[in-house]
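Just so it is clear, the structure is predicted and the values come from calculations on it, not from any experiment. Just so you know, these numbers use all the heavy atoms, side chains as well, and skip hydrogens, waters and symmetry mates.
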Amino acid sequence: MSTPSSQSSIAGSNNHSFWMPGNYQPTVKRTEDAFQACNDIVACFQERARVERQYAQQLGEWSNKWKPVVDSSPLYGSLLKAWQCFMSSADRLASLHASICRSLVSEDGDRVRTWQKDTFHKKLFGGFKESQDIETGFARAQKPWAKRLKKLDKARRAYHKVSRKQQAAREREVHAHGNPDVAIDKQKKLQEERELAQQGAEKVRGRYEKVLEEVNRYAPRYMEEMESIFDQSQDEERKRIVFLKQAFLSVHKHLDVTNNETVRAVYNELNDTLMAIDEHEDLRWWKNTYGPGMPTDWPHFQEWMPEKKNKRGKKEVEKKATIERSVIIGGVRVRAMYDYVGQETDELSFKAGEEFLKIEEEDDQGWCRGMKDDGCEGLYPANYVEAV
């Protein structure tokens with residue numbers, strides 16, 4: 001506990017120290033300010049939630065706009081997959097930012113609102129019970145101190161007044177003493193006035209010092225009472241600070257995408273897809289699909305056979321293909337891109353990555369004939385494989 005200097009009482013209303021009457025108001029006002037701060041915090045992060053929602057919508061709109069362009073672009077192979085991965089990543093990020101929006105509103109905003117309702121109790125005619133209790137405590141502790149300060153100020157002003165009179169009487173006496181035109185009786189009278197003024201000043205000074213001593217004796221008790229009320233206010237403020245710290249940390253947790261597993265997964269997958277761009281593989285695919293590596297329907301003798309009027313369908317296509325489809329000399333090695341389970345006995349089944357020979361070209365129904373290494377033959381969808 002600090003001891004106030006004797007000059008603090010002299011400063012009076014011009015002193016902005018906490019210990020002077022009425023200067024506890026900023027501490028009382030903290031309750032009202034904290035309530036308003038809660039309103040501002042909720043409004044602030046509700047607006048941030050709208051930003052997150054708008055960003056999520058814009059990401060989705062951007063992805064939907066460019067997906068058809070990307071899918072129909074002239075790029076191919078791993079380069080096309082990389083471009084498409086940007087679209088899928090945007091969709092996943094849009095979902096993430098939409099969830100951030102929901103968290104800011106339904107978790108963080110509601111949490112602050114609930115705490116605000118439980119912590120601040122409004123009075124019927126305005127203000128808060130918490131601030132009223134603190135203000136009442138300060139006012140009760142400060143009332144005796146204010147009375148003593150008022151009494152001290154009155155004694156101080158009285159002493160300063162008689163001191164000015166004493167100084168004036170002294171100056172008149174000195175002026176008359178050095179002036180031969182002033183009569184002896186006049187000089188004696190001025191000397192008596194100065195002595196009377198001096199006696200009056202000493203008497204008033206004594207009363208002033210007595211009041212000041214009384215004020216200084218009361219100061220420790222006053223300071224103890226004021227600090228007790230102030231500590232109550234500090235404890236309430238500490239609880240507010242601790243809660244708002246946790247609220248801010250929760251907001252940070254929701255906004256900090258750098259530690260989000262979904263974000264890391266999205267960008268790791270995107271990075272892996274970009275690093276998987278293989279110019280050699282893409283060029284080989286182009287060569288086998290559109291270049292010299294394409295299977296060629298070399299000229300060969302085709303026997304004429306009378307057409308049979310059968311029911312059209314895949315069986316007819318199969319029989320007709322036996323006559324009309326081009327036989328690939330030696331076959332072309334292909335690799336399955338997807339799993340396929342034959343639906344009928346004349347169809348070939350295989351797993352993704354399995355290699356076999358394409359021995360007949362694709363018919364107008366989109367079927368090819370293939371042969372596995374074990375000699376098993378059958379039809380399969382042409383778009384399920386790629387040339388090796």
Side-chain angles (χ1 to χ4, degrees), residues 1-37 119-170 193-243:
M1 183 185 298
S2 60
T3 303
S5 67
S6 60
Q7 296 300 320
S8 63
S9 60
I10 298 176
S13 60
N14 293 327
N15 194 325
H16 297 290
S17 168
F18 165 77
W19 303 105
M20 293 299 103
N23 288 351
Y24 55 76
Q25 286 299 331
T27 300
V28 173
K29 193 173 180 291
R30 281 196 301 185
T31 301
E32 214 172 289
D33 292 342
F35 181 85
Q36 182 57 45
T119 304
F120 301 93
H121 302 90
K122 290 186 176 182
K123 293 168 56 183
L124 184 61
F125 298 105
F128 298 93
K129 180 181 180 300
E130 291 74 19
S131 57
Q132 183 189 35
D133 292 344
I134 296 297
E135 185 171 20
T136 300
F138 278 135
R140 186 180 295 115
Q142 206 167 72
K143 186 176 180 180
W145 175 254
K147 286 183 178 180
R148 284 171 170 80
L149 285 185
K150 186 176 181 180
K151 184 178 179 181
L152 178 64
D153 186 60
K154 182 178 179 180
R156 177 187 62 81
R157 286 188 282 107
Y159 170 64
H160 289 178
K161 182 178 180 180
V162 298
S163 295
R164 285 193 296 271
K165 287 183 178 179
Q166 180 187 9
Q167 179 67 19
R170 185 184 295 114
E193 289 178 357
R194 190 264 304 166
E195 290 174 352
L196 287 173
Q198 182 176 353
Q199 292 173 5
E202 290 174 354
K203 184 178 181 180
V204 174
R205 178 187 177 91
R207 286 199 297 267
Y208 179 33
E209 288 176 342
K210 184 178 179 180
V211 174
L212 178 60
E213 183 181 355
E214 180 185 348
V215 168
N216 287 334
R217 279 201 309 269
Y218 185 76
R221 177 182 172 183
Y222 165 65
M223 294 173 68
E224 183 179 356
E225 293 178 354
M226 289 291 286
E227 286 184 348
S228 176
I229 304 300
F230 183 77
D231 289 343
Q232 294 177 28
S233 174
Q234 288 287 82
D235 187 57
E236 291 184 5
E237 183 71 5
R238 180 189 60 79
K239 293 176 183 178
R240 290 193 283 264
I241 293 172
V242 169
F243 170 78

Can you name the closest pair of heavy atoms from [X] and [Y] and give their distance?
{"X": "Pro144", "Y": "Tyr218", "value": "CB-OH, 3.2 Å"}
{"X": "Gln166", "Y": "Ala201", "value": "OE1-CB, 3.3 Å"}
{"X": "Arg240", "Y": "Phe120", "value": "CD-CZ, 3.7 Å"}
{"X": "Ile134", "Y": "Ile229", "value": "O-CG2, 3.7 Å"}
{"X": "Val162", "Y": "Gly200", "value": "CG2-O, 4.4 Å"}
{"X": "Asn23", "Y": "His16", "value": "ND2-C, 3.2 Å"}

Can you measure from [atom1] ([X]) to [atom2] ([Y]) and round to the nearest 0.5 angstrom?
{"X": "Gln25", "Y": "Ser131", "atom1": "CD", "atom2": "OG", "value": "9.5 Å"}
{"X": "Tyr159", "Y": "Glu202", "atom1": "OH", "atom2": "CD", "value": "9.5 Å"}
{"X": "Glu227", "Y": "Trp19", "atom1": "CD", "atom2": "CH2", "value": "4.0 Å"}

Do [Y] and [X] meet the salt-bridge criterion of a basic N to acidic O distance under 4.0 Å?
{"X": "Asp153", "Y": "Arg156", "result": "yes"}
{"X": "Lys29", "Y": "Glu32", "result": "no"}
{"X": "Asp33", "Y": "Arg30", "result": "no"}
{"X": "Glu214", "Y": "Lys210", "result": "no"}

inquiry  = Parallel, tilted or perpendicular, judged at 30° and 60°: which one describes the rings of Phe230 and Phe138?
reply    = tilted
query = Can you say whether the rings of Tyr222 and Trp145 are parallel (under 30°), tilted (30 to 60°) or perpendicular (over 60°)?
reply = parallel
Are any non-hydrogen side-chain atoms of [X] and [Y] less than 4.5 angstrom apart?
{"X": "Glu225", "Y": "Gln142", "answer": "no"}
{"X": "Phe18", "Y": "Met226", "answer": "yes"}
{"X": "Arg205", "Y": "Glu209", "answer": "yes"}
{"X": "Lys154", "Y": "Lys150", "answer": "no"}

query = Does Glu224 offer a backbone N or O that forms a donor-acceptor pair with the side chain of Ser228 under 3.5 Å?
reply = no
task = Taking atom types as modelled, find out whether Gln234 and Arg238 have a side-chain donor-acceptor pair closer than 3.5 angstrom.
result = no
ask   = Can a donor-acceptor pair be found between the side chains of Arg164 and Gln167 at a distance below 3.5 Å?
value = no
query = Quick one: which of Gln232, Glu236, Glu135 gives a side chain to side chain contact (heavy atoms under 4.5 Å, CB included) with Glu130?
reply = Glu236
